[in-house]
Number of protein chains: 4
Amino acid sequence: MNTHSKSEKAEAKPDKAVRIKDAATRVFANKGFYNSTIADVAKVAEVAEGTIYLYFKNKDDLLISIFEGSMDFFIQQVTQEIATVKNPEDKLKKFISLHLRLVQENPDLAQVLQIELRQSTKFMKEYEGGKFGDYLNVVRNILEEGREQGVFRKDIEPRILRRTIFGAVDEMALDWLLMPKKKYTLEACAEQLSALFLKGIIN
Amino acid sequence: MNTHSKSEKAEAKPDKAVRIKDAATRVFANKGFYNSTIADVAKVAEVAEGTIYLYFKNKDDLLISIFEGSMDFFIQQVTQEIATVKNPEDKLKKFISLHLRLVQENPDLAQVLQIELRQSTKFMKEYEGGKFGDYLNVVRNILEEGREQGVFRKDIEPRILRRTIFGAVDEMALDWLLMPKKKYTLEACAEQLSALFLKGIIN
Amino acid sequence: MNTHSKSEKAEAKPDKAVRIKDAATRVFANKGFYNSTIADVAKVAEVAEGTIYLYFKNKDDLLISIFEGSMDFFIQQVTQEIATVKNPEDKLKKFISLHLRLVQENPDLAQVLQIELRQSTKFMKEYEGGKFGDYLNVVRNILEEGREQGVFRKDIEPRILRRTIFGAVDEMALDWLLMPKKKYTLEACAEQLSALFLKGIIN
Amino acid sequence: MNTHSKSEKAEAKPDKAVRIKDAATRVFANKGFYNSTIADVAKVAEVAEGTIYLYFKNKDDLLISIFEGSMDFFIQQVTQEIATVKNPEDKLKKFISLHLRLVQENPDLAQVLQIELRQSTKFMKEYEGGKFGDYLNVVRNILEEGREQGVFRKDIEPRILRRTIFGAVDEMALDWLLMPKKKYTLEACAEQLSALFLKGIIN
DNA sequence: TATGAATGAGTATTCATTCAT
DNA sequence: TATGAATGAATACTCATTCAT
């Protein structure tokens, strides 16, 4: 998530907008969007409150920007990774393990996306057809591909199940994330899920 | 306000607390918890704002009460219904279709439970082990029963998948709920999900 | 201005809206509308800040309410007083002396009306045809009456001069009001103005 | 920004301070002093926000500078013009028509002077004895001259009426200025006013 | 001089909660 | 119990002003 992972100190400061978004992600994940104040975000980002308004129209816009930026990132990562394998089963496996890994590596972000974004039906309605829909369609495409190739059952409706599968994966990831004492690894989860869905889907 | 002063306490109009919870459910579902005011709830419940505080400690408590009350109801419904069938496959089918039906019949409530409640990490953490965990365990019990009876695969971890399956079902329900133009019936969803999971799980 | 001039202590508190308007008038006159805070007004009115919003939509509305209320009062006073005399010359005299007296007796109010209201062209445009226009028309009516009766010159345009005369009177009043050391009485002013205008107008 | 680096200081484009004042006049007239931002002014003046602070101490100082500069200009114009005629009646006529013309030719400036400047009691108090007083004294001098020469009535107090006459003229000008559809010309106003005051004043 | 990004103090407004009736 | 007027803490957002370049 941190684009400034290289240790070039002097040039460091990643771009103020990014710094603010990172800070906001952390703050929102910890306290929830509505319980976070702009002052909180500013403090963590080490900027003045007013500075935030130079980069984002308002508090909502900040949340939306986080969403859109990370969705772009997620979609790009997933699309790219999935392209490395051929058959739909492996693609689905890849998707599952990658999504879990992304959640694991960006826990705050994942939490914000999962929890905070849903709270506003408005957001959901607006973005269902947007970036979020794009991400869901990654799953849908895999399902359709599998169906066309005859490896997935014909009676599976990609349009219906795309979100179900995404939801199952994401829900599991979050469950794991919020679990205070990890009782199993995310890798184990990935296997369980893959096993479940593939067996459920394959002809 | 009460001109008929006789002490018919347990009268026709449902308990005021219930009226308030129903109103709150409707309001929270429409505008979101944080965008709803106590005044909004009071207006819909046709009580004075202060009255709400006679029945609930504060706004958060109102949300929690909705949650707990409905979870009790859901658990009771599901448990009872599931008891009518014997084998685990049918139980899972029942759970899936029943949960979807409950969502369909209580859309506002479902939305509040799914969306509004999650926005607070606190709630999630606190209630994972409470009523919500109880509901999740209905799924877990079905899974374990199936495993023990040898109808479900041994390599399926009930503890891991209980929330996944719940999540998949609930996510789908919400997806359907928020969909402006229903493109398919919830019954179709139930079948898809049952097909998917049973095939995925059964030996 | 104070409606609670009677000394009935217990019943005193005039009506909270009035108390707030009175306080606002004082505060706005002292510090100017834009340099006054709602907190200032609340403190002077001895109410909580939030209380102000129970009676007025917002800060602007408070200013407008002051304006409308006092215009009603002014118009009523002037109309009533003027009706007591017959010929237009006396009416004009009455108007002049009465307006000066009203300013003298309600200095804060006069200042707010004169200074604060003008600052917003919007207000002026909106109210030219409203309460303020009504007040101006008191002058216009006197002028027209005089013309019709042949006592005022025909070449005097009531529509043009109504505001001029009002302006002259009001400007003088304010000049006197803001003068730290009164060098002459308002009565002297009234006489000067009457002399000037009557001589200027009469046939 | 300046690519032609030769030191042509006093170049074509009017002094930057003037540009800023002109821009501010326009902006203040349109939106009001308190509703205008330095950013607004900077944009219209086509300078950076910071630049304004190289020429003016702060926002108030900008307003005051506009006031003082234009008062100097007004006084100079009026004084000069009035000197061209001899008798006090003509001088008063000249003053009236000239002031109206100045308003007509500098509507934004007139509005700022009349409306915006007054909103602050401070300004009024401070400037009564300053440039504004000087302008008022032009009227007073005419009145006194006329009295001394025996053409104006003795019972007219120049000190009292100077502002009244100024106020009447200015008020009328503003009335005309803010009138959306001009129903009469300013020349007509000038005649009405001259007629009124001269008849009112002359022996 | 000129810039405009950054600052952070300042404020209108909202709303959960209380309490006198 | 029930009311709803009153409270005042809390906060998003603005904007005059500064300052590193």
Side-chain angles (χ1 to χ4, degrees), chain A residues 13 16-17 20 33-43 45-62, chain B residues 1-2 5 7 9 16-17 20 33-43 45-62, chain C residues 13 16-17 20 33-43 45-62, chain D residues 1-2 5 7 9 16-17 20 33-43 45-62:
Chain A
K13 276 186 196 178
K16 213 155 281 187
I20 293 169
F33 178 71
Y34 282 101
N35 291 317
S36 303
T37 67
I38 288 291
D40 291 337
V41 175
K43 200 171 295 165
E46 291 178 296
V47 296
E49 291 176 47
T51 305
I52 293 176
Y53 290 88
L54 295 178
Y55 295 92
F56 304 94
K57 229 172 52 174
N58 52 38
K59 203 184 164 193
D60 277 6
D61 183 44
L62 180 51
Chain B
M1 197 108 298
N2 249 338
S5 48
S7 60
K9 244 192 281 181
K16 204 161 280 189
I20 292 170
F33 178 70
Y34 282 102
N35 292 317
S36 304
T37 67
I38 290 292
D40 290 337
V41 175
K43 198 171 297 164
E46 292 177 294
V47 297
E49 293 173 50
T51 306
I52 293 177
Y53 288 86
L54 297 176
Y55 294 92
F56 304 94
K57 225 178 63 198
N58 52 36
K59 201 185 167 194
D60 278 5
D61 183 45
L62 179 52
Chain C
K13 277 184 200 184
K16 214 154 281 189
I20 292 169
F33 178 71
Y34 282 103
N35 292 315
S36 304
T37 67
I38 288 291
D40 291 336
V41 175
K43 200 171 294 164
E46 291 178 297
V47 296
E49 291 175 48
T51 306
I52 292 176
Y53 290 88
L54 295 177
Y55 295 92
F56 304 94
K57 228 172 54 177
N58 52 37
K59 203 185 165 193
D60 277 6
D61 183 44
L62 180 52
Chain D
M1 197 106 298
N2 247 339
S5 47
S7 60
K9 244 191 280 181
K16 204 162 280 188
I20 292 170
F33 179 71
Y34 281 101
N35 292 317
S36 304
T37 67
I38 289 292
D40 290 335
V41 175
K43 200 171 297 162
E46 292 178 294
V47 296
E49 293 173 50
T51 306
I52 293 177
Y53 288 85
L54 296 176
Y55 295 92
F56 304 93
K57 227 177 61 196
N58 52 37
K59 201 185 167 192
D60 278 6
D61 184 43
L62 179 52

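No experiment lies behind these values; they were computed from the predicted model shown. Below, read A as the first sequence line, B as the second, and so on, with proteins coming before strands; counting in each chain starts at 1.
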C:Tyr55 side-chain N/O to F:dA6 phosphate OP1/OP2 under 4.0 Å
yes
Would you indicate, yes or no, if F:dT1 has its OP1 or OP2 atom less than 4.0 angstrom from a side-chain nitrogen or oxygen of B:Lys16?
no
In this structure, how many angstroms lie between the [atom2] atom of [N] and the [atom1] atom of [X], rounded?
| X | N | atom1 | atom2 | answer |
| --- | --- | --- | --- | --- |
| B:Asp61 | E:dT17 | CG | C1' | 14 Å |
| A:Ile38 | F:dC13 | CD1 | P | 6 Å |
| C:Lys43 | F:dT7 | NZ | C1' | 16 Å |
| D:Asp60 | F:dC15 | CG | C1' | 14 Å |
| C:Asp40 | E:dG10 | CG | C1' | 12 Å |
| C:Ile20 | F:dA5 | CD1 | P | 13 Å |
| D:Asn35 | F:dA16 | CG | C1' | 15 Å |
| B:Tyr34 | E:dA16 | OH | P | 11 Å |

Those residues that, when tested against C:Ala39, pass side chain to side chain contact (heavy atoms under 4.5 Å, CB included) (two or more places apart):
C:Thr37, C:Glu49
Spacing of CD1 belonging to C:Ile20 relative to OG1 belonging to C:Thr51, to within rounding of 0.5 Å
6.5 Å
Rounded to the nearest 0.5 Å, what separation is found between the CG atom of A:Asp61 and the CD1 atom of A:Ile52?
12.0 Å
In whole Å, measure the gap between the C1' atoms of F:dT21 and E:dT1 for me.
13 Å
Using a heavy-atom cut-off of 4.0 Å across all strands, would you classify D:Thr37 as base, sugar-phosphate, or nothing?
sugar-phosphate
Could you check whether C:Phe56 gets within reach of a base, just the sugar-phosphate, or nothing at all, counting any heavy atom under 4.0 Å?
nothing
Does C:Leu54 or A:Ser36 map to a spot on DNA chain F nearer the 5' end, using the closest nucleotide for each?
C:Leu54
Using heavy atoms to find the nearest nucleotide of DNA chain F for B:Ile52 and A:Asn58 separately, return the residue whose nucleotide is more 5′.
B:Ile52
Find every protein N or O atom lying less than 3.5 Å from an N or O atom of nucleotides 18-21 of chain E, and list the pairs.
none

Pairing string, 5' to 3', for DNA chain F - Watson-Crick or wobble contacts under 3.5 Å, brackets [ ] where pairs cross, | to another strand
.||||||||||||||||||||
Do you know the tightest heavy-atom contact between B:Ala48 and B:Ala42?
C-CB, 4.0 Å
Position toward the 5' end of DNA chain E (nearest nucleotide), A:Ala48 or B:Lys59
A:Ala48
Can you check side chain to side chain contact (heavy atoms under 4.5 Å, CB included) on D:Tyr55 and D:Leu62, steps first, answer last?
CA-CA 9 Å; D:Tyr55 295 92; D:Leu62 179 52; over 6 Å; no
